[in-house]
> 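Next up is a structure, given as structure tokens.
Treat the numbers as computed from the prediction; the structure is a model and nothing was measured.
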Amino acid sequence: MWSFFRYLLAVVLGLVLGLGSTFWAIRSSADLAFANNGVWRTNIMTGSQDLDMYSRAYVAVKYLFAMNKAETVYYEATTDEDGKPLSTDCDYLVIGKAPKARWWSITAYDEYQFLIDNPHNRYAFSGEDLGVEAGKEFKIRVSADKLKGNWIPTGDGKSLMLLLRLYNPSPEVYDNVEGYPLPKIIREGCK
């Protein structure tokens with residue numbers, strides 16, 4: 001009977017250590033591949049064939065359905081231009097020149113990285129929605145309160161993340177992921 005409990009303890013301890021170390025490795029390994037560009041950051045290995053198994057697991061968990069690196073660059077922002085965390089209690093102006101890409105969009109996600117449920121069924125804007133050509137300026141407002149113009153509702157959650165997707169971006173994006181001009185996120189006020 002004693003040997004059964006020792007065996008059971010060894011199995012449980014092995015599972016806890018194995019799963020714990022895997023969780024830690026997945027969470028920490030992909031942070032090494034991030035490149036910062038103002039308030040935006042991108043994981044330059046997302047969609048790469050060169051990823052190790054832990055980084056692939058991280059991408060599968062964090063970036064569900066991420067496309068191949070040769071086709072798409074994803075930039076995420078969790079802070080505004082002042083370095084303060086994005087919050088659903090604040091109003092933001094996202095302003096910049098339309099990126100040089102075949103197609104691009106800016107999408108708002110809640111603190112759990114899900115689309116923000118709202119009665120307007122509005123979650124993102126793309127270059128097509130805005131009717132903006134590459135290199136021309138655009139403005140998007142992000143707020144819990146309804147605003148005129150190009151507005152993405154943020155609901156009543158807590159934190160917020162904006163994701164900029166660039167599908168088939170021009171080579172100058174790939175050549176300069178840390179310096180390519182990206183939109184600014186300006187906090188206009190908070191409740």
> Does W151 reach the side chain of I140, with side-chain heavy atoms less than 4.5 Å apart?
no

> Could you tell me which residues satisfy side-chain hydrogen bond (donor to acceptor under 3.5 Å, both in side chains) with D80, sequence neighbours excluded, listed by chain and number?
R187

> Show me, pair by pair, the donor-acceptor contacts under 3.5 angstrom made by side chains of residues 97-108, not counting sequence neighbours?
| from | atom 1 | to | atom 2 | distance (Å) |
| --- | --- | --- | --- | --- |
| R102 | NE | N168 | OD1 | 2.6 |
| R102 | NH2 | N168 | OD1 | 3.0 |
| T107 | OG1 | R165 | NH1 | 3.1 |

> How close do V142 and T154 get, heavy atom to heavy atom, and via which atoms?
CG1-CG2, 3.2 Å

> With sequence neighbours excluded, tell me which residues meet side-chain hydrogen bond (donor to acceptor under 3.5 Å, both in side chains) with S126.
D129

> Mind checking whether L93 and K139 have side chains closer than 4.5 Å, heavy atoms only?
yes

> Quick one: salt bridge (Lys or Arg N to Asp or Glu O under 4.0 Å) partners of D110, sequence neighbours excluded?
none

> What pairs with N121 under side-chain hydrogen bond (donor to acceptor under 3.5 Å, both in side chains), at least two apart in sequence or on another chain?
Y123

> May I ask whether I185 and L130 are part of the same hydrophobic cluster, defined by side-chain heavy atoms of I, L, V, M, F, W, Y residues being less than 4.5 angstrom apart, directly or through others?
yes

> Once you round to the nearest 0.5 Å, how far does CD1 of I152 lie from CG of L147?
11.0 Å

> Apply side-chain contact (heavy atoms from CB on, under 4.5 Å) to K136 and list each qualifying residue two or more places apart in sequence or on a separate chain.
V132, E133

> Would a single hydrophobic cluster contain both I186 and V39, if residues Ile, Leu, Val, Met, Phe, Trp and Tyr are joined by side-chain heavy-atom contacts under 4.5 Å?
no

> Listed by chain and number, what are the side-chain contact (heavy atoms from CB on, under 4.5 Å) partners of D145, not counting sequence neighbours?
S143, K191

> So which pairs with a foot in residues 96-154 pass disulfide (SG to SG under 2.5 Å), sequence neighbours left out?
none

> Taking the side chain as every heavy atom from C-beta outward, state whether W40 and P183 have any atom pair closer than 4.5 Å.
yes

> Quick one: side-chain contact (heavy atoms from CB on, under 4.5 Å) partners of E178, sequence neighbours excluded?
A35

> Indicate yes or no: at least one non-hydrogen side-chain atom of R122 is less than 4.5 angstrom from one of P153.
yes

> Would you mind reporting whether L164 and Y74 have side-chain heavy atoms less than 4.5 Å apart?
no

> Test: disulfide (SG to SG under 2.5 Å). Region: residues 118-191. Which pairs qualify, not counting sequence neighbours?
C90-C190

> Go through the structure and list residues passing salt bridge (Lys or Arg N to Asp or Glu O under 4.0 Å) with E188, not counting sequence neighbours.
R141

> Can you tell me which residue pairs pass the disulfide (SG to SG under 2.5 Å) test with a partner in residues 102-151, sequence neighbours excluded?
none

> Same hydrophobic cluster for I95 and L160, using side-chain heavy-atom links shorter than 4.5 Å among ILVMFWY?
no

> Taking atom CG of N37 and atom OH of Y75, what is their separation to the nearest 0.5 Å?
5.0 Å

> To the nearest 0.5 Å, what is the distance between OG1 on T88 and CD1 on I116?
7.5 Å

